[in-house]
Amino acid sequence: MLNPHKHRLLRRQIKKAGFTNEDLVKFQNFFNDVDDAYQSFDNDVKHIETILEKSSNELYKSNKLLRSQILNVEFRLNAIVNNIEGVIFKTDTHGTFEYLNEASEELFGIPVDELLNKNFTELLEGIKGKQRLKILEAFIRNESDFNTVFKFIKPSGDKIWVELRLQPSHDITGAVDGAIGTMMDITKLKDTEIELKQANKIKDEFLSTMSHEIKTPLNAVIGMSDILLMEKFLPEQAENLQVLKYSSEHLLALINDLLSLNKYKSKQVSLKIEDFNLSEFVQNMQLHFKQVALNKHLFFDVILDTAITEILKGDSLKLSQVIKNLLSNAFKFTDSGGVTFQTELLERKEHSSLLRFSVKDTGIGVSYNKQKNIFKSFVQANENTSQLYGGSGLGLYISKELLQIQNSQLQIESKKGEGAKFWFDIELKHSKSELLHEQKTISKTAPIDIKVLVAEDNNLNALLLKKLFNKWNVDFVIAKNGEALLDVFTTDDFNLILMDLQMPILDGYQTARVIRKMDDELKSNIPIIALTAFAEAEVGEKIARYKMNGYLSKPLKVNELHNLLEFYSHKKQQVV
């Protein structure tokens, strides 16, 4: 009979197979082994189940702990992100916001819940103009490191400035899955920038106005000194007159340096390329500083490379300003020995020549540790240099800036107490002109057959013009303002009008407009030359707009004025 304590699977198989009691007795050892195997298997299964249950419990606890840690990290991360002033966002590939921190509500005035799952194009409705298209294209093209600033209008109507930074985001395979970015309210910074620009504009206007006010009386001082030197004077007065002329010209140079500094820093300087004769150019430099050398008992050697024969093209005015600054410094800081000004041909090309201009002196020199700073504005080699020698400390800075816009660099070689050498290399194109410019010496007292109408409200400038015109036998009338000029012009005929731009009642621009609209063609087409202390760059466009024929800068240069009158005198004769 089958033992009821045997394994259930064994009892079921014996019953199913139809074993008899005799069989059970006969194969008892076999059935016992099978029973032991079944019992052992059950024990193993129970053991495994116990282990699995324990593992499951441990996994559950670990998962619960991990979820808790994730939630904690997420909470902390959100706490950090939501306390950041700027907006942090994530969009999908279609531009739909998937994430926004709480700062977005404060920035745009729109709740985060309203922005999530909405497309960024809805936010662009608060942005005007080209910026909207620019941002849209950046999203579409998945532009990397995109950065822009735009003005946003909140639902409340408030306007803010926002800086947007944007770049594509990628999934684990490296494929683009949208964009991430930041937005920051920079309204205060932008307002400050606008205020600074406005302040800079006011500063520029102030400097221009002050330069005009200073140059107006200075025009009379320089002009009168020229007239006194043209007249007969006692021998002992010569030095006094030269001091008067030098002092007024020195003051003018300081004013021009300050104005030039303002222009260079605001990048308002442009080149005026014209033909010029290098030989005449160098000779003018020599004549300009000849008397300075004699007065200080210094030698002044001028060396011009005879291999330079071409007429050159360049901005000779700015080039001369650089060389005059270098020569002026050389003579200022040299008390014994002298100065050498040299022009060398470094390389001749088919259409241009590379030249080197150098100024070498035997003066006080510049120590090595000071050389890197002397090209800065208002910086001089030593603290007491200004007290001992004068000057504004702008000459070298302006020279450096003038050369940079001509693709050249100012160089220095010097030792303290052993003099200094400044030089620069510059490439100038050859002119197609085959004729050398004739050097003309025009007598300042040569009579001029012309009738001139002048608008000038400053009594000193008017007196200067009267004296010059009387010396040149010029027929002239001077009016106090534009209105007075028109009264004279309607009743008399003239060959030329010299028009001051800044006048009371009716300024030079308004007066020129009235003249150009006159029915009488002879009167409406009369040449009008603007007289002003403003730089040509500041008023040139406006002068052309009001159809004036040219420009004379104050303080007036006597020969330049004489040349102008002579030109229109010849033109008048041609018309007649």
Side-chain angles (χ1 to χ4, degrees), residues 256 260 263-264 268-290 302-327 341-359 398-399 401-410 423-444 527 529-530 535-537 539-541 543-544 548-553 556-571 574:
N256 287 334
S260 297
K263 289 178 187 175
Y264 301 139
Q268 294 178 350
V269 180
S270 58
L271 295 174
K272 188 176 182 180
I273 307 299
E274 295 178 335
D275 292 354
F276 72 98
N277 187 315
L278 184 64
S279 177
E280 292 180 12
F281 177 87
V282 171
Q283 187 177 3
N284 286 334
M285 293 296 110
Q286 184 177 21
L287 292 173
H288 188 84
F289 287 93
K290 180 180 179 181
V302 178
I303 304 171
L304 174 62
D305 195 332
T306 56
I308 309 171
T309 58
E310 293 86 0
I311 296 294
L312 302 173
K313 294 180 73 68
D315 193 325
S316 59
L317 182 61
K318 291 182 177 60
L319 190 61
S320 70
Q321 188 174 353
V322 172
I323 295 173
K324 283 180 180 178
N325 282 340
L326 297 180
L327 286 171
F341 169 41
Q342 184 171 6
T343 306
E344 305 171 72
L345 176 64
L346 298 182
E347 182 182 2
R348 175 182 279 111
K349 302 177 183 178
E350 183 178 358
H351 301 294
S352 64
S353 289
L354 181 63
L355 307 182
R356 171 169 293 177
F357 293 92
S358 62
V359 174
I398 290 171
S399 297
E401 294 293 317
L402 283 172
L403 289 173
Q404 281 184 347
I405 64 174
Q406 298 179 79
N407 299 316
S408 181
Q409 296 289 331
L410 187 56
W423 78 93
F424 60 92
D425 300 338
I426 187 168
E427 186 170 350
L428 298 173
K429 291 184 178 180
H430 299 156
S431 170
K432 294 181 180 179
S433 174
E434 297 180 357
L435 298 175
L436 292 176
H437 293 210
E438 294 182 4
Q439 187 173 2
K440 296 182 179 180
T441 303
I442 301 174
S443 172
K444 296 178 181 178
I529 303 298
E536 187 175 7
V539 296
E541 182 181 347
I543 286 172
M548 299 188 198
N549 300 79
Y551 161 94
L552 272 183
S553 174
L556 295 172
K557 296 180 178 63
V558 173
N559 279 353
E560 189 176 345
L561 177 61
H562 191 282
N563 289 343
L564 177 81
L565 297 180
E566 190 177 52
F567 171 80
Y568 281 103
S569 172
H570 293 158
K571 197 169 183 180
Q574 292 172 1

Quick one: does Gln406's side chain have a donor or acceptor within less than 3.5 Å of a partner on Leu402's backbone? yes
Straight-line distance of Ile323 CD1 to Asn325 CG, nearest 0.5 Å: 10.0 Å
Can you name the nearest heavy-atom pair linking Tyr551 to Val539, along with the distance? CE1-CG2, 3.9 Å
Test log, rule side-chain contact (heavy atoms from CB on, under 4.5 Å), inputs Phe281 and Leu312: CA-CA 11 Å; Phe281 177 87; Leu312 302 173; over 6 Å; no
With rounding to the nearest 0.5 angstrom, report the CG to OG distance, Leu564 to Ser569. 11.0 Å
Minimal heavy-atom distance between Leu428 and Gly314, with the atoms involved, is CD2-CA, 4.3 Å
Within the distance-only criterion (no hydrogens, no angle test), does the side chain of Ser320 pair as donor or acceptor with the backbone N or O of Ser316 below 3.5 angstrom? yes
Residue among Arg348, Lys349, Arg356 satisfying salt bridge (charged side-chain N to carboxylate O under 4.0 Å, His left out) with Glu427: Lys349
Among all residues two or more places apart in sequence or in another chain, which pass the salt bridge (Lys or Arg N to Asp or Glu O under 4.0 Å) test with Glu560? none
How close do Phe289 and Lys324 get, heavy atom to heavy atom, and via which atoms? CZ-O, 3.5 Å
So, do Phe357 and Val322 sit near enough that their side-chain heavy atoms are less than 4.5 Å apart? no
How many angstroms lie between CD1 in Ile308 and CD in Glu344, if you round to the nearest 0.5 Å? 8.5 Å
Sorted by chain and number, sequence neighbours left out, side chain to side chain donor-acceptor pair (under 3.5 Å) with Ser353 holds for His430
Within a strict 4.5 Å, meaning less than it, do heavy atoms of the Leu355 and Leu345 side chains meet? yes
Show your working on side-chain contact (heavy atoms from CB on, under 4.5 Å) between Thr343 and Ile303 and close with a plain yes or no. CA-CA 6 Å; Thr343 306; Ile303 304 171; over 6 Å; no
Rounded distance [0.5 Å steps], CG in Asp315 versus CD in Gln321: 9.5 Å
For a quick test of reading the model, state the closest non-hydrogen atom pair linking Ser408 to Asp425 and the distance between them. OG-O, 2.6 Å
Measuring from Leu327:CG to Gln286:CD, what's the distance to the nearest 0.5 Å? 10.5 Å
Kindly write out the residues that satisfy side chain to side chain contact (heavy atoms under 4.5 Å, CB included) with Lys313, not counting sequence neighbours, or none if the list is empty. Ile273, Asp275, Lys429, Ser431
Nearest heavy-atom approach of Leu410 to Leu403 is CB-CD1, 3.8 Å
Correct closest heavy-atom pair for Phe341 and Met285 would be CE2-CB, 3.9 Å
Roughly how far, to the nearest 0.5 Å, is the CG atom of Asn549 from the OH atom of Tyr568? 4.5 Å
